[in-house]
Amino acid sequence: SKYHGALLVLFSICVNPRLLRRPQLYLAGLLAAVLIIPHLFWQYNHDWASFAYHLSGRNATFEFSYLTDYIANMLVVFNPLLVPVFCQAWHESEPHDELHRTLRWLPVLFISFFMLSSCRGYVQPQWVIVASFGILYVMFCYVRSHPRTRRYVMWTGLISIVLVMILRIEMMFNPLDIRYEIFDNETSYPALARAADGRPVIFNGHYAVAAKYRYYAGAEAFCEPKINYRTHQWQFRDDDSRFEGREVLVMCDTGEMPSAADRDS
């Protein structure tokens, strides 16, 4: 469902145009086209919903925070302790074959492409994760012949592993009692289901919350689409039709509770 994966093929061809001479490229493209036929058929029957969303639905008024958030996310995703090493390795090393040249340029092209994309809306940091293959390869080739840098990378790797383990423990058990959406799902959603007492719950615009409620509580839910917000998967389900004539609960944000007159009507 992430169409920007096609950028991997496009950028690889841009870096190595001679790939166009290889029949294996066209054979792989034909196989991919066959595999994607069911997806394209679904798109056709649903007005090309996700294509339209990615091409225009994500567009927003430019905000400088989109760019700064993107840069900050890139530093975090690719480890701020190792980013300088990659920059040094990229500057000082020369590609010795097609694979090295392709993997050397993929991070630059991916990061630059989505930096430009941040001008039209918020960019999710995981979209650029494909660039990690090139970053790892370039750094690995460089540190093999630079012992001092290799020692730094090894120590940095150990520190990073420890920090990730601490973070994972916090995410699993939350000993610091942090209030955030990833915590307490296994207790909060079943508690909400007990309060619903068998009635379906309609979440107002929160498509992810409705999905988590169904997952953790195993109960009926639906996300009511908003006319001024993005489309989502709930619009293609028939839950709202199945709830007709039944008593339901509606989860509202603060300030959205209806007045007594509205409830009576």
Side-chain angles (χ1 to χ4, degrees), residues 1-16 19 54 58-60 62-172 174 176 178 180-183 208:
S1 64
K2 299 300 183 183
Y3 306 111
H4 62 260
L7 294 174
L8 176 63
V9 179
L10 178 62
F11 290 156
S12 298
I13 293 175
C14 290
V15 175
N16 291 298
L19 290 173
H54 284 292
R58 299 192 69 97
N59 291 351
F62 173 75
E63 295 184 17
F64 192 69
S65 61
Y66 290 154
L67 178 60
T68 56
D69 288 349
Y70 174 77
I71 295 174
N73 285 332
M74 291 303 96
L75 292 175
V76 174
V77 168
F78 297 119
N79 194 334
L81 300 176
L82 292 178
V83 169
V85 178
F86 169 73
C87 294
Q88 180 181 0
W90 196 94
H91 178 71
E92 296 183 4
S93 60
E94 291 293 335
H96 47 75
D97 55 26
E98 285 187 353
L99 177 63
H100 194 168
R101 181 166 57 253
T102 302
L103 290 175
R104 182 172 184 263
W105 278 103
L106 280 180
V108 177
L109 294 173
F110 262 94
I111 293 173
S112 300
F113 176 87
F114 285 107
M115 182 177 292
L116 291 175
S117 182
S118 67
C119 296
R120 60 185 285 265
Y122 184 77
V123 174
Q124 299 286 345
Q126 68 271 15
W127 294 349
V128 197
I129 202 65
V130 178
S132 61
F133 294 104
I135 292 175
L136 290 172
Y137 185 84
V138 171
M139 284 199 304
F140 179 77
C141 293
Y142 180 78
V143 300
R144 291 180 67 184
S145 56
H146 294 78
R148 185 177 179 181
T149 306
R150 182 168 67 246
R151 287 192 295 271
Y152 170 80
V153 171
M154 294 294 291
W155 278 108
T156 300
L158 291 174
I159 295 172
S160 301
I161 290 174
V162 172
L163 292 176
V164 169
M165 291 178 62
I166 293 174
L167 178 61
R168 296 298 296 180
I169 291 173
E170 172 61 27
M171 293 175 65
M172 288 188 293
N174 195 18
L176 300 179
I178 297 175
Y180 193 59
E181 62 174 337
I182 64 173
F183 299 121

Test of understanding: with side-chain hydrogen bond (donor to acceptor under 3.5 Å, both in side chains), list the residues that count as partners of D69, not counting sequence neighbours.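 side-chain hydrogen bond (donor to acceptor under 3.5 Å, both in side chains) list for D69, sorted by chain: empty.
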Can you name the side-chain hydrogen bond (donor to acceptor under 3.5 Å, both in side chains) partners of H91, sequence neighbours left out?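 side-chain hydrogen bond (donor to acceptor under 3.5 Å, both in side chains) check on H91 returns nothing, list empty.
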Could I get the full list of side chain to side chain contact (heavy atoms under 4.5 Å, CB included) partners for [X], not counting sequence neighbours?
X    : answer
V83  : L75, F78, C87
L176 : E170, I178
S117 : F114, R120, V123

Tell me, please, which residues at least two apart from [X] pass ring-ring contact (aromatic ring centres under 6.0 Å, His included).
X    : answer
Y142 : H146
F113 : none
F11  : F110

For residues 104-116, which residue pairs qualify under side chain to side chain donor-acceptor pair (under 3.5 Å), counting only residues two or more places apart or in two chains?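 Sorted result for residues 104-116: empty, none.
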Can you pull out every side chain to side chain donor-acceptor pair (under 3.5 Å) where at least one residue sits in residues 147-161? Sequence neighbours excluded, please.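 As it turns out, the side chain to side chain donor-acceptor pair (under 3.5 Å) pairs with a partner in residues 147-161, which skip direct neighbours, are N79-S160.
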Report all side-chain donor-acceptor pairs from residues 130-140 shorter than 3.5 Å, counting only partners two or more places apart or in another chain.
from, atom 1, to, atom 2, distance (Å)
S132, OG, I129, O, 2.6

Non-hydrogen side-chain atoms of R168 and M165 separated by less than 4.5 Å: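 Contact flag for R168/M165 side chains = no.
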V128 side chain reached by V77 side chain, heavy atoms, under 4.5 Å: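 With C-beta onward as the side chain, the pair stays apart.
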Heavy-atom closest pair, residues F86 and P107: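 Smallest interatomic distance, heavy atoms only, reads CZ-CB, 3.9 Å.
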